Q: 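This is the structure I have questions about; it appears just below.
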Amino acid sequence: MAANWKMYKTPAETKTFFENFLPLVKDAKHCEIAVCAPFVDLPAAIDAAAGSNVAIGGQNLYWAKEGAFTGEISGPMLKTLGCEWVIVGHSERRQYFGETDETVLKRTKAAIEAGLKVIVCVGELLAEREAGETEAVLEKQYAGGIAGLSAEEKAQIVIAYEPVWAIGTGKTATPEMAADAHRVIRKMAGADMRILYGGSVKPDNVTALMAQEEIDGALVGGASLDPVSFSKIVNF
Ligand code: PGA
């Protein structure tokens, strides 16, 4: 169960979140929990979550280890800080920041080399779904962004299926729609891959989504910002 805070919260708000959140999920043994926070909040999150059952992650990284890349953050930087996870290829990065399947693969490889586990995001746009292209889009994103990983590297990732039209819109894919897409991904990624669903996951729809055998967890945006709401999702 992973939180994607996107561009929300200050370090002080991060500290407050964990003070409230950790006691609510301390008995959760059925899942791994990760919170992917903005770069500037990571030290506060890592400090607050130390010794708990909650791992911390970034939301992006650059593929070089270091260098003249103004504004970028590397895998070794995240790892040294104490991150365990990083999100790669989120649809907002694909839409607004020029992320492609090729750069998804580069970032994912660099993250794994740095010792991070990766949440690799895939998903179709509304127009692609309406044109009946969902399966083809997922196959293309997998072929370009994920298939080039070795078996050892694949063991370090989870895939998040996030239909772009369901992100932040309140429109969740029905559990059946999500499961259909997960099956397309599963066929390519194999039985051992953990596949998360993301897109308007809330405390009141998480149980039906998680009831689908194909759905192994959730990547949660808006509903992860509130500690009570995210704890209800974790403890579905
Ligand atoms: P949402 O975002 O839960 O706010 O729809 C999910 C995501 O973008 O990871």
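One-based numbering, in listed order, for ligands and for the atoms of each. Numbers here simply count residues along the sequence, with the first being 1. Since the structure is predicted, the reported quantities are computational estimates derived from the model, not experimental observations.
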Q: Under a 4.0 angstrom heavy-atom cut-off, which atoms of ligand 1 come close to A166?
A: 5 (O)

Q: Classify the ring geometry between F17 and W5 as parallel (under 30°), tilted (30 to 60°) or perpendicular (over 60°).
A: perpendicular

Q: Geometry only, no angles: is G222 polar-contacting ligand 1 at N/O separations under 3.5 Å?
A: yes

Q: Under 3.5 Å between some N or O of ligand 1 and some N or O of T169?
A: no

Q: Is S224 near ligand 1, meaning one of its heavy atoms is under 4.0 Å from it?
A: no

Q: Do other residues, nucleotides or ligands put more than 12 heavy atoms under 6.0 Å from E102 CD?
A: no

Q: Counting heavy atoms not belonging to Y62, are there more than 12 under 6.0 Å from its OH?
A: yes

Q: Determine whether a donor-acceptor pair (N or O, by modelled atom type, separation under 3.5 Å) exists between the side chain of N235 and the backbone of S231.
A: yes

Q: Students should be able to answer this: which protein heavy-atom is nearest to atom 7 (C) of ligand 1, and at what distance?
A: E162 OE2, 3.2 Å

Q: Going by distance only, is there an N or O of H90 that falls short of 3.5 Å from an N or O of ligand 1?
A: yes

Q: Do me a favour and list the nearest non-hydrogen protein atom to atom 2 (O) of ligand 1 with residue, atom name and distance?
A: K6 NZ, 3.3 Å

Q: Determine whether the side chain, the backbone, both or neither of N4 has a heavy atom under 4.0 Å from any heavy atom of ligand 1.
A: side chain

Q: Given G221, G168, S91, identify the one with the heavy atom nearest to atom 5 (O) of ligand 1.
A: G168

Q: Answer yes or no: is there an ion pair linking E19 with K15, defined by an N-O contact shorter than 4.0 Å?
A: yes

Q: Any salt bridge between K79 and E84, counting N to O under 4.0 Å?
A: no

Q: Which one holds for C121 and ligand 1: side chain close, backbone close, both close, or neither close, with close meaning a heavy atom under 4.0 Å?
A: neither

Q: Should G199 be listed as contacting ligand 1, given a heavy-atom distance under 4.0 Å as the test?
A: yes

Q: Using the rule given for ring pair (Phe, Tyr, Trp, His ring centres under 6.0 Å), can you reason through F236 versus H30, listing the C-alpha separation, both sets of side-chain angles and the distance that settles it, and then say yes or no?
A: CA-CA 10 Å; F236 72 94; H30 59 285; 5.8 Å; yes

Q: Strictly under 4.0 Å, does any heavy atom of S200 approach an atom of ligand 1?
A: yes

Q: Decide, yes or no, whether a salt bridge links D204 with K232 under the criterion of side-chain N to carboxylate O below 4.0 Å.
A: no

